[in-house]
Amino acid sequence: MSSPSKTKTFEESFRRLEEVVNALEEGRESLEESLALYEEGVGLLKTCHGQLESAKRKVEILSGVDEEGRPVVRDWEEDERSLEEKAETKGR
């Protein structure tokens with residue numbers, strides 16, 4: 001059984017999570033194997049959730065367009081403006 005890896009894409013992790021869930025639902029594994037699958041599934045779930053949260057933050061920080069009409073994205077850690085300040089400049 002593979003363990004969740006930080007280098008896996010969201011799709012790879014999610015696909016493996018589906019496999020783990022299906023295996024647990026079938027109930028064919030021993031208790032020890034089921035516990036190992038459950039542990040792997042929890043790790044995969046955390047990995048997927050973290051990747052989704054990161055993507056969500058990036059989308060939320062989409063701050064407008066540049067002079068050529070292309071979207072401008074800033075890393076969420078670098079953008080220190082408050083939500084109110086972002087709302088005020090959103091229409092500009």
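Quick caveat, the model's predicted, so the values are computed rather than measured.
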**Student:** CD of Glu26: more than 12 outside heavy atoms within 6.0 angstrom?
**Tutor:**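 Correct, the count exceeds 12.
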**Student:** Taking only Lys NZ, Arg NE, NH1 and NH2, and the carboxylate oxygens of Asp or Glu, determine whether Arg15 and Glu18 approach each other closer than 4.0 Å.
**Tutor:**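 Salt bridge absent between Arg15 and Glu18.
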**Student:** Closest approach of Glu29 and Ala23, non-hydrogen atoms and distance?
**Tutor:**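 Closest approach of Glu29 to Ala23: OE1-O, 3.3 Å.
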**Student:** Calculate, to the nearest 0.5 Å, the distance between atoms CD and NZ belonging to Glu53 and Lys46 respectively.
**Tutor:**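 So the CD of Glu53 and the NZ of Lys46 are separated by 14.5 Å.
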**Student:** Could you report the tightest heavy-atom contact between Ser34 and Leu24, atom names first, then the distance?
**Tutor:**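 In terms of heavy atoms, the two residues are closest at O-CD2, 3.5 Å.
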**Student:** Under a 3.5 Å distance rule, please check whether Thr47 uses its side chain to pair with a backbone N or O of Gly43 as donor and acceptor.
**Tutor:**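 The answer is yes, because a donor-acceptor pair under 3.5 Å joins these two groups.
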**Student:** Please tell me if the side chains of Leu52 and Lys56 come closer than 4.5 Å, counting only heavy atoms from C-beta onward.
**Tutor:**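 Side chain of Leu52 against side chain of Lys56, heavy atoms only: no contact under 4.5 Å found.
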**Student:** Say you draw a straight line from CG of Asn22 to CG of Leu17; how long is it, rounded to the nearest 0.5 Å?
**Tutor:**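 Reported to 0.5 Å precision, the distance equals 9.5 Å.
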**Student:** Where do Lys8 and Gln51 come nearest, in terms of heavy atoms and distance?
**Tutor:**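 Where Lys8 meets Gln51 most closely, the heavy atoms are O-NE2, 3.1 Å.
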**Student:** Rounded at 0.5 Å granularity, tell me how far CG in Leu44 sits from CD in Glu39.
**Tutor:**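 The CG atom of Leu44 sits 11.0 Å away from the CD atom of Glu39.
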**Student:** Which heavy atom of Phe10 sits nearest a heavy atom of Cys48, and at what distance?
**Tutor:**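 Minimum heavy-atom contact is CE1-CB, 3.6 Å.
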**Student:** Given side chains that start at C-beta, do those of Glu25 and Val21 come closer than 4.5 Å, heavy atoms only?
**Tutor:**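 Counting from C-beta outward, Glu25 and Val21 do come under 4.5 Å.
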